[in-house]
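Report on one structure; see the data block that follows.
When reading the values below, keep in mind they use all heavy atoms of this one structure, side chains included, and skip hydrogens, waters and symmetry mates.
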Amino acid sequence: MGANVDAFLCDLALELRPRADELTDALVRVVLHGLPEVWRREDIAVGVYAAVSENVAAVLDMNEHGLDVTAAGTPPANAEVARLLARHGAPIDVILRGYRQAHAALHRLMGDEAARLATEGGADAELVSETMLALGAQSFEFADSAAEQALVAYQEERDRWLQRRLIVVNEASRRIGTTLDIARTAQELAEVGTEHLADLVTVDLLDSALPGQSAQPTIGRLALRRVAQQSVLHGCPDSAFATGQAHTYLEASEPAQALVTGQPLRYHIEASEIPEWMAASAARRSALQAFGIHSMLLVPLWARDKPLGLAQFFRHHSADAFDEEDLLLAQEVASRAAVYIDNARRYTRERDTALTLQRSLLPGRVPEQSAVETASRYLPAGAGVGGDWYDVIPLSGARVALAVGDVVGRGLHAAATMGRLRTAVRTLADFDLTPDDLLTHLDDVVIRLQREETPGADEMSATCLYAVYDPISRLCSLASAGHILPAVASPTGDGAASHAVGFPELPIGPPLGLGGMPFETAQFEVAEGSLLVLYTDGLIESRTRDVTTGQRLLGDALTWAPASLEETCDGLLSALLPTYPSDDAALLVARTRALNANHVATWDLPSDPEVVSAARAHASHQLALWGLQELDFTTELIVSELVTNAIRYGKDPIRLRMILQSTLMCEVSDGSSTAPHLRRARVYDEGGRGLLLVAQLSERWGTRHGREGKVIWAEQALPALGVGGSARSPQ
């Protein structure tokens, strides 16, 4: 910068110095217009005004004294505003937009003033031009420096909030659930919530969830009872109901809907706009108006997929309204408390028996699958509950996993072990392992559980059969760890109920818990409409018959199996277990479906970056054929990122596959076994955002490894309505 420019900028700063407040007001109006959300909170509005004032003063100082940005530094108020925004849950782009708008406006105002001074002073055009260039460079450099400082402060505040959240959650885990008393557990939730989150916390439970209470039929209303409450005010005068008092909500009200759906709600209550469900109750309306309650969270208490009650968090003493982060924290603390409340409820009602545990650990409702139609049964033994279990697990690529297992022993120990193994199988299934690999890892789990057993306890042993069915290839892949192989009933074509029944001769590995022994995956093709029947030995074996006899009876019962799978299950139990069994039995029947070839599209792609555009075109054309143009934009982005990732980090062969079933699946496979890594790119990184973008655009995504290479997949939900409705429900 030349001496003449320096002198001119100094004169400009001196000219503007008396008008600093006027400049500040003008810039604040710009920020107000561009970012109205920051003015909803008084503390942010005050902080923004202070930050703008300091920024104006800093820019004038730089020009008056000829300082560069490094020497001048950036105002500390910038960091404070960033912390306020982070504290209130504002997105980070608010900070960036604010600096862009404010500094652009300041540059424009100073440029206008510079032009006026140049005209009055008779400055030549070259000096004016150089001055404007200097102001522009200075503005960009100062804005970047200020934004960088603010972003650091924002992230520090976010990290601090996350640390606070972890501390609160850990404290909730330590303080809630210290006893098996329902009221005490609910009170612990209210105390923790009041100390860290709210000014008033109330806990209401359904009458049906309380011991000694029977649900009174109240037409059109939901009945709750106040079990616990805590307030920053002594004696909870701000609460609408006393502890122990019953009250109701209309079934169509927001609290009732939150309790039924399990979805929390957040309210900012204006004095002139009281929610209808609160205004309808004189007690609630009076408490709200008397104490100035302005913000509220409705957090349903759910445990084991059942509603227990409702926790409500209020603010009136604190001026800040609840934000989304507060809602998340309240939900996490309440969900933990709900588990403890349910444990206490079950203990108090003497329902924590072995049979209740067994039934609660088995799938209460097998989810519907596009690959198979299923029905299942569990029959406990007359002498006590055992460790038999089954499961149906959806996998990527339209596939489904069918599992059945048996833990040796009876009683609570066997039932608890069964639950742990079933959970382990579900967790391992999420990694899309082959059946033999999954059983190998499950074997390690059992060995580890054996080592954790108390001395003198019975040795743990279990069997498991894990099968994966692919409706596209109609291949069933399975591996067995000491478990009986399934029956396969294939349609004969002589009638809807006629089947040819067989028992595949496949290798059976050792039971779980022995260690060091291999498992083997076998594959066989399954005709569409076949029945895969998985079961435990309690179904076919008894004191009066061996396994061979039981399998023969099973085959006879399946030969003329009815079309209804529920009737098939009932028929098998009737034929094989006419009396109460001496051993518990689990039965899982799955009728296979084949995915229509029109619902699968596959393209082999060369390892060439130029093919990415062709892959997008293939995807767009296929979506048009399926009548799913609404998904065109997101699908093209997903396909582009997955194919680019395969070309850049994988190796041949590269293949793109799209599958239409109850969802839209995009898969890209390559010959490399290198697992993809989801990371958070830094601000100025040129790459590293591809998988993050895929994760944001899709409902689910993941990777599965094969013997050669891997597949990265992403799943999108289908639009509720649209053209091509017939393609939305492939069978």
| Closest heavy-atom pair and its distance - Glu251, Leu222 | CG-N, 4.3 Å
| field | Side-chain donor or acceptor of Trp701 paired with backbone N/O of Leu691 under 3.5 Å | value | no
| What are the two closest heavy atoms between Asn343 and Arg304, and how far apart are they? | OD1-NH2, 2.9 Å
| Rounded to the nearest 0.5 Å, what separation is found between the CD atom of Glu171 and the CD atom of Glu191? | 10.5 Å
| Residue pair Arg377, Glu566: steps toward the salt bridge (charged side-chain N to carboxylate O under 4.0 Å, His left out) verdict | CA-CA 9 Å; Arg377 293 290 186 275; Glu566 297 294 335; 2.8 Å; yes
| request: Look only at the side chain of Ser286 and the backbone of Ala282, and say whether a donor-acceptor pair between them is shorter than 3.5 Å. | output: no
| Okay, side chain of Ser318, backbone of Arg315: is any donor-acceptor separation there less than 3.5 Å? | no
| message | Nearest 0.5 Å, please: how far is CH2 in Trp302 from OG1 in Thr261? | response | 7.5 Å
| query | Do Ser396 and Asp432 have side-chain N/O donor and acceptor atoms under 3.5 Å apart? | reply | yes
| task | With side chain to side chain contact (heavy atoms under 4.5 Å, CB included) as the test, would you mind laying out the steps for Val201 and Phe314 before giving the verdict? | result | CA-CA 6 Å; Val201 178; Phe314 302 89; over 6 Å; no
| message | Using modelled atom types and a 3.5 Å cut-off, is there a donor and acceptor pairing between side-chain atoms of Gln245 and backbone atoms of Ala242? | response | yes
| Where is the tightest heavy-atom contact between Leu301 and Leu189, given as atom of each residue plus distance? | CD2-CD2, 4.2 Å
| Derivation and outcome, side chain to side chain donor-acceptor pair (under 3.5 Å), residues Asp238 and His317 | CA-CA 11 Å; Asp238 44 352; His317 188 70; over 6 Å; no
| Ion pair Asp391/Arg426, N-O distance below 4.0 Å | yes
| said: Tell me whether Arg399 is salt-bridged to Asp470, with the criterion being a basic N under 4.0 Å from an acidic carboxylate O. | reply: no
| query | For the residue pair Glu195 and Arg175, what are the closest heavy atoms and their distance? | reply | OE1-NH1, 2.8 Å
| task | Using distance alone, with no hydrogens and no angle criterion, decide if Tyr390 and Ser376 have a side-chain donor and acceptor under 3.5 Å apart. | result | yes
| message | Go through it in stages, so that I can follow the logic: the residues are Leu623 and Leu664, the test is side chain to side chain contact (heavy atoms under 4.5 Å, CB included), and I'd like the CA-CA distance, side-chain angles, deciding distance and then a yes or no. | response | CA-CA 10 Å; Leu623 289 177; Leu664 176 66; 3.6 Å; yes
| said: With a 3.5 Å distance limit and no angle check, can you tell me whether Thr194 reaches the backbone of Leu200 through a side-chain donor-acceptor pair? | reply: no
| Which distance, rounded to the nearest 0.5 Å, do you find between the CG of Leu379 and the SG of Cys569? | 12.0 Å
| query | Run the side chain to side chain donor-acceptor pair (under 3.5 Å) check on Arg593 and Ser370 step by step: do they pass? | reply | CA-CA 7 Å; Arg593 296 167 174 159; Ser370 298; 5.7 Å; no
| query | Do the side-chain N and O atoms of Tyr378 and Asp584 include a donor-acceptor pair separated by under 3.5 angstrom? | reply | yes
| field | Pair Leu718-Ser662, side chain to side chain contact (heavy atoms under 4.5 Å, CB included): steps then yes or no | value | CA-CA 7 Å; Leu718 299 181; Ser662 56; 5.9 Å; no
| request: May I ask you to check whether His247 and Arg225 show a side-chain donor-acceptor distance below 3.5 Å? | output: no
| said: Just verifying a value: how many Å separate Thr634 OG1 and Gln696 CD, rounded to the nearest 0.5 Å? | reply: 13.0 Å
| query | Going from OG on Ser295 to CZ on Phe322, what distance comes out if it is rounded to the nearest 0.5 angstrom? | reply | 5.5 Å
| message | How close do Gln229 and Phe241 get, counting heavy atoms only, and between which atoms? | response | NE2-O, 3.0 Å
| task | State, yes or no, whether a side-chain contact exists between Thr248 and Leu224 at a heavy-atom distance under 4.5 Å. | result | no
| said: With side chain to side chain donor-acceptor pair (under 3.5 Å) as the criterion, how do Gln716 and Glu699 come out once you've worked through the C-alpha distance, each side chain's angles and the decisive distance to 0.1 Å? | reply: CA-CA 5 Å; Gln716 299 179 77; Glu699 282 204 338; over 6 Å; no
| For Ile182, does its backbone N or O pair with a side-chain atom of Arg345 as donor and acceptor, under 3.5 Å? | no
| Any side-chain donor-acceptor pair under 3.5 Å between Arg184 and Thr178? | no
| field | Non-hydrogen atoms of Ala330 and Leu297 that approach each other most closely | value | CB-CD1, 3.8 Å
| Do any N or O atoms from the side chain of Thr663 and from the backbone of Ala717 form a donor-acceptor pair under 3.5 angstrom? | no
| query | Is there a side-chain contact between Glu254 and Pro275 (heavy atoms, below 4.5 Å)? | reply | no
| Between Ser253 and Tyr249, is there a donor-acceptor pair closer than 3.5 Å when you use the side chain of the first and the backbone of the second? | no
| request: Report the C-alpha distance between Arg700 and Asp430 in whole Å, list the side-chain angles of each, state the deciding distance to 0.1 Å, and finish with yes or no for salt bridge (charged side-chain N to carboxylate O under 4.0 Å, His left out). | output: CA-CA 11 Å; Arg700 296 192 309 146; Asp430 284 341; 5.8 Å; no
| Expected output: side-chain Thr635 to main-chain Asp632 donor-acceptor under 3.5 Å | no
| Considering only heavy atoms from C-beta outward, does the side chain of Asp204 approach that of Val227 to under 4.5 Å? | no
| task | Give the C-alpha distance, both sets of side-chain angles, the deciding distance and a yes or no for side chain to side chain contact (heavy atoms under 4.5 Å, CB included) between Tyr466 and Val425. | result | CA-CA 9 Å; Tyr466 185 79; Val425 169; 4.1 Å; yes
| said: Side chains of Thr536 and Val404, heavy atoms from C-beta outward: is any pair under 4.5 Å? | reply: yes
| Between CE on residue Met418 and OG1 on residue Thr423, distance to nearest 0.5 Å | 9.0 Å
| task | Check the surroundings of atom CG in Asn170: do more than 12 heavy atoms from other residues, nucleotides or ligands lie under 6.0 Å from it? | result | yes
| Full working for side chain to side chain donor-acceptor pair (under 3.5 Å) between Ser231 and Asp199 | CA-CA 6 Å; Ser231 173; Asp199 299 325; over 6 Å; no
| said: Closer than 3.5 angstrom, by distance alone: can the side chain of Ser574 be matched with the main-chain N or O of Asp570 as a donor-acceptor pair? | reply: no
| Are the side chains of Gln312 and Met296 in touch, meaning some heavy atoms are under 4.5 Å apart? | yes
| Quick one: are Leu233 and His316 in side-chain contact, heavy atoms under 4.5 Å? | yes
